[in-house]
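For reference, the structure discussed in these notes is given below.
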Amino acid sequence: MYYQYKKQFQQALVEWYKREKRDLPWRRTCDPYKIWVSEVMLQQTRVDTVIPYYERFLSEFPTLQHLADAEEEKLLKQWEGLGYYSRARNLQAGVREVVENYNSLVPDNRSEISKLKGVGPYTAGAVLSIAYNKAEHAVDGNVMRVLSRVLLIEEDIALPKTKKTFENAVMELIDPMHPSEFNQGLMELGATICTPTSPKCLLCPVREFCTAFNEGQPENLPIKTKKVKMKHIPYDVFVIKNTIGQFLVEKRPAKGLLANMWQFPMVEQVGNADTTNETKLAEQYNLNLLSREKLTSFKHIFSHLTWHIESYSIGCEEQAKLPGNCQWFTAEEMANLPMPVPMQKVWQSYKIETTSL
DNA sequence: AACACGGGGGG
DNA sequence: CCCCCAGTGTT
């Protein structure tokens with residue numbers, strides 16, 4: 001972009017942002033910790049979803065020290081339903097590094113802040129530009145979409161190396177006097193005007209600088225190749241209640257999908273024989289099973305796989321030799337356990353079923 | 001470079 | 001129902 005247009009582009013974007021920006025909770029602070037929390041929550045997650053989590057999280061953990069001191073179970077409970085739970089653990093690990101090694105001051109330069117757990121190129125640039133007003137790139141999906149259209153960049157954004165192109169473009173274009181508003185303006189534009197489908201070009205403050213608007217088809221950018229083969233796994237999930245009114249739940253392993261979250265016992269469905277999976281359950285969990293009743297069936301879609309859930313309610317005699325990751329809890333105790341959404345659905349279904357009796 | 005990692009919204 | 005969204009860590 002020619003120099004004189006670059007200045008005009010910066011001014012049009014920054015002025016539009018100042019005028020039209022949504023009033024969001026994390027835009028009422030410059031506290032680097034709070035900006036950091038918001039940026040981690042906003043990774044792969046929509047603004048409307050994040051807002052209530054952000055408010056609750058910061059009232060529970062108002063400072064770096066509060067978060068550094070938190071129990072993991074309490075942390076995960078705050079994050080419950082937000083997804084990508086390793087974000088929460090990594091955030092806490094990063095916060096502990098800041099408390100330990102940086103005198104509780106979030107670093108204000110890319111090399112140090114990028115060493116923190118969970119802080120990648122995007123989050124580093126977002127915190128540096130928004131909290132410290134540093135002229136650093138913060139390239140997320142919105143920025144790639146906006147700039148692919150404005151600059152007619154036709155590289156495949158599914159390729160990791162393409163991000164370098166966009167980071168270079170931002171460093172070339174960024175308003176050195178207003179880096180915070182410039183970066184947030186790009187993201188705000190992508191979120192509200194320059195949307196993936198049906199971009200509202202006629203409302204766009206920078207359409208006169210947009211190559212795709214003037215010469216091409218903005219709705220067909222950015223270019224992204226297809227990928228990902230979805231795996232499907234059928235599971236039977238069991239809400240198991242013993243004779244003294246406790247429920248059997250297990251903690252998932254510390255690594256992998258839904259790490260350290262709690263769930264009802266579940267077994268992968270093997271065949272069509274109705275009793276096979278229940279036998280497998282009784283063996284795996286060393287249980288004496290009594291009556292059984294059908295609960296909800298549904299599909300839960302992760303980014304890379306799909307669980308097909310069928311759930312059952314089963315009565316059971318209490319057993320002495322449970323697997324180590326299993327525990328009996330009352331309904332009240334279970335309310336404090338972080339559980340992923342599919343398990344909440346099963347639990348909800350159980351509660352509806354039993355209260356109607 | 002490829003894959004793992006949640007959950008929600010829209011057409 | 002199927003489609004879309006996309007940062008960081010690990011390998």
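Here is how names work: the chains are called A, B, and so on, in the same order as the sequence lines, proteins then strands, and each is numbered from 1. All values reported here derive from a predicted model rather than from experimental measurement.
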Taking the side chain as C-beta and beyond, is there a heavy-atom pair between A:Lys18 and A:Glu181 under 4.5 Å?
yes
It should be established whether A:His300 places a side-chain nitrogen or oxygen under 4.0 Å from OP1 or OP2 of nucleotide B:dG7.
yes
For nucleotides C:dA6 and B:dA2, find the distance between their C1' atoms and express it as a whole number of Å.
15 Å
Find which nucleotide of DNA chain B each of A:Thr197 and A:Leu82 is nearest to by heavy atoms, and output the residue with the more 5' nucleotide.
A:Leu82
Test A:Leu152 against every option in A:Asn214, A:Leu147, A:Leu221 by the side chain to side chain contact (heavy atoms under 4.5 Å, CB included) rule and name the one that passes.
A:Leu221
Proximity to the side chain of A:Leu257 - top-ranked nucleotide from B:dC5, B:dA1, C:dC2:
B:dC5
Nearest-nucleotide comparison on DNA chain B, the residue closer to the 5′ end among A:Leu258 and A:Thr162
A:Thr162
How many Å lie between CD1 on A:Ile233 and P on B:dC5, as a whole number?
10 Å
Write down the distance between NZ (A:Lys345) and P (B:dG6), rounded to a whole number of angstrom.
15 Å
Return the value, rounded to whole Å, for the distance between atom CE of A:Met261 and atom P of B:dG6.
8 Å
Rounding to an integer number of Å, can you tell me how far A:Leu186 CG sits from C:dA6 C1'?
17 Å
Rounded to whole Å, please give me the gap between CZ in A:Arg252 and P in B:dG6.
8 Å
Counting only Watson-Crick or G-U wobble pairs whose two distances fall under 3.5 Å, which nucleotide matches B:dG6?
none
Flag for A:Gln246-A:Asn242: side-chain donor and acceptor within less than 3.5 Å:
yes
Quick check against the 3.5 Å criterion: does A:Asn133 have a side-chain atom that pairs as donor or acceptor with the backbone of A:Ser180?
yes
Which part of the nucleic acid, if any, lies within contact of A:Pro222, taking any heavy atom under 4.0 Å across all strands shown: a base, the sugar-phosphate backbone alone, or nothing?
nothing
What pairs of nitrogen or oxygen atoms, one from the protein and one from nucleotides 7-11 of chain C, lie under 3.5 Å apart?
residue, atom, partner, partner atom, Å
C:dG7, OP2, A:Gly141, N, 2.3
C:dG7, O4', A:Gln44, NE2, 3.0
C:dG7, N9, A:Gln44, NE2, 2.7
C:dG7, N7, A:Gln44, NE2, 3.2
C:dG7, N3, A:Gln44, NE2, 3.0
C:dT8, OP1, A:Gly120, N, 3.0
C:dT8, OP1, A:Gly120, O, 3.4
C:dT8, OP1, A:Thr123, N, 2.9
C:dT8, OP1, A:Thr123, OG1, 2.6
C:dT8, OP2, A:Pro121, N, 3.2
C:dT8, OP2, A:Tyr122, N, 3.1
C:dG9, OP1, A:Gly118, N, 2.2
C:dT10, OP1, A:Lys117, NZ, 3.4

When A:Asp31, A:Leu42, A:Ile130 are each screened for side chain to side chain contact (heavy atoms under 4.5 Å, CB included) with A:Trp26, the one that passes is A:Leu42
Check the distance between C:dC2's P and A:Phe302's CZ and give it to me in whole angstrom.
18 Å
Could you state the CD-P distance from A:Glu219 to B:dG11, rounded to the nearest angstrom?
15 Å
Measure from NZ on A:Lys224 to C1' on C:dC5 and round the result to the nearest Å.
7 Å
When you measure from the side chain of A:Arg46, which nucleotide among B:dG6, B:dA1, C:dC5 comes out closest?
C:dC5
Considering only heavy atoms and no angle criterion, is a donor-acceptor pair shorter than 3.5 Å present between the side chain of A:Thr49 and the base of B:dG7?
no
Option from A:Tyr350, A:Trp347, A:Tyr235 for which ring pair (Phe, Tyr, Trp, His ring centres under 6.0 Å) with A:Phe264 holds:
A:Trp347
Describe the nucleic acid contact of A:Arg89 in one word from base, sugar-phosphate, nothing, applying a heavy-atom distance below 4.0 Å.
nothing
When the P atoms of B:dG6 and C:dT11 are compared, how many Å lie between them, rounded to an integer?
15 Å
Examine A:Phe298 together with A:His300 and report whether their ring centres are nearer than 6.0 Å.
no
Lys/Arg-Asp/Glu bridge criterion (N-O < 4.0 Å) met for A:Glu97, A:Lys115:
no
